[in-house]
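The structure displayed is predicted, hence computed values, not measured ones.
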Amino acid sequence: PDCGKSGTFREVVTPQRPSCMDCVEKHLGAAAVLAMEIRNGYSYRLLLIGHLHEAEEESRDYLPLHEMIRDARKTYQRDGIVPDWESLAREIEHVR
């Protein structure tokens with residue numbers, strides 16, 4: 001993995017649920033709301049990361065979108081840069 005952990009990597013096999021664009025939108029929308037709340041002083045960072053992760057999981061069948069969401073989540077976790085919601089919304093429309 002690219003998380004910097006050392007040692008032996010043991011892959012955990014989890015069943016993959018089918019991708020759902022409605023669920024992707026739901027989780028990205030929730031993440032966007034939480035990003036606004038964070039700007040207002042609330043400590044919802046973990047919830048925002050969780051919703052980005054769920055959107056990432058729900059988009060596995062749509063690789064460009066999946067990669068965009070994954071990159072957005074990792075950038076937010078690492079650097080605190082809020083995702084570009086408009087770019088993500090345009091990619092969702094493209095997939096639909």
Check: Would V95 and V24 satisfy side-chain contact (heavy atoms from CB on, under 4.5 Å), going step by step from the backbone distance to the final call?
Finding: CA-CA 11 Å; V95 169; V24 170; over 6 Å; no
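- Here the shortest heavy-atom pairing between S59 and S19 reads C-OG, 3.5 Å.
- Linking ILVMFWY residues whenever their side-chain heavy atoms come closer than 4.5 Å, directly or via other members, leaves I69 and V33 in distinct clusters.
- Between L47 and E37 the shortest side-chain heavy-atom distance does not fall below 4.5 Å.
- Two residues are said to be in side-chain contact when any heavy atoms from C-beta on lie closer than 4.5 Å; L88 and D84 fail this criterion.
- With contacts defined as side-chain heavy-atom distances shorter than 4.5 Å, the pair R45/Q77 qualifies.
- The structure places CG of L48 at 5.0 Å from OH of Y76, a figure rounded to the nearest 0.5 Å.
- Interatomic distance, CG of L65 versus CD of E58, reported as 11.0 Å (0.5 Å rounding).
- Just one residue in the list E67, R96, M68, E86 forms a side chain to side chain contact (heavy atoms under 4.5 Å, CB included) with E91, and that residue is M68.
- Contact of the L28 side chain with the I92 side chain is registered, since non-hydrogen atoms from C-beta on lie closer than 4.5 Å.
- From E25, atom CD reaches atom SG of C20 across 9.0 Å, with rounding to the nearest 0.5 Å.
- Transitive grouping of hydrophobic side chains (ILVMFWY, heavy atoms separated by less than 4.5 Å) brings I38 and W85 into a common cluster.
- Atom CD in E56 sits 14.0 Å away from atom NE2 in H51 (nearest 0.5 Å).
- Pairing each heavy atom of R73 with each of I49, the nearest pair is CD-O, 4.1 Å.
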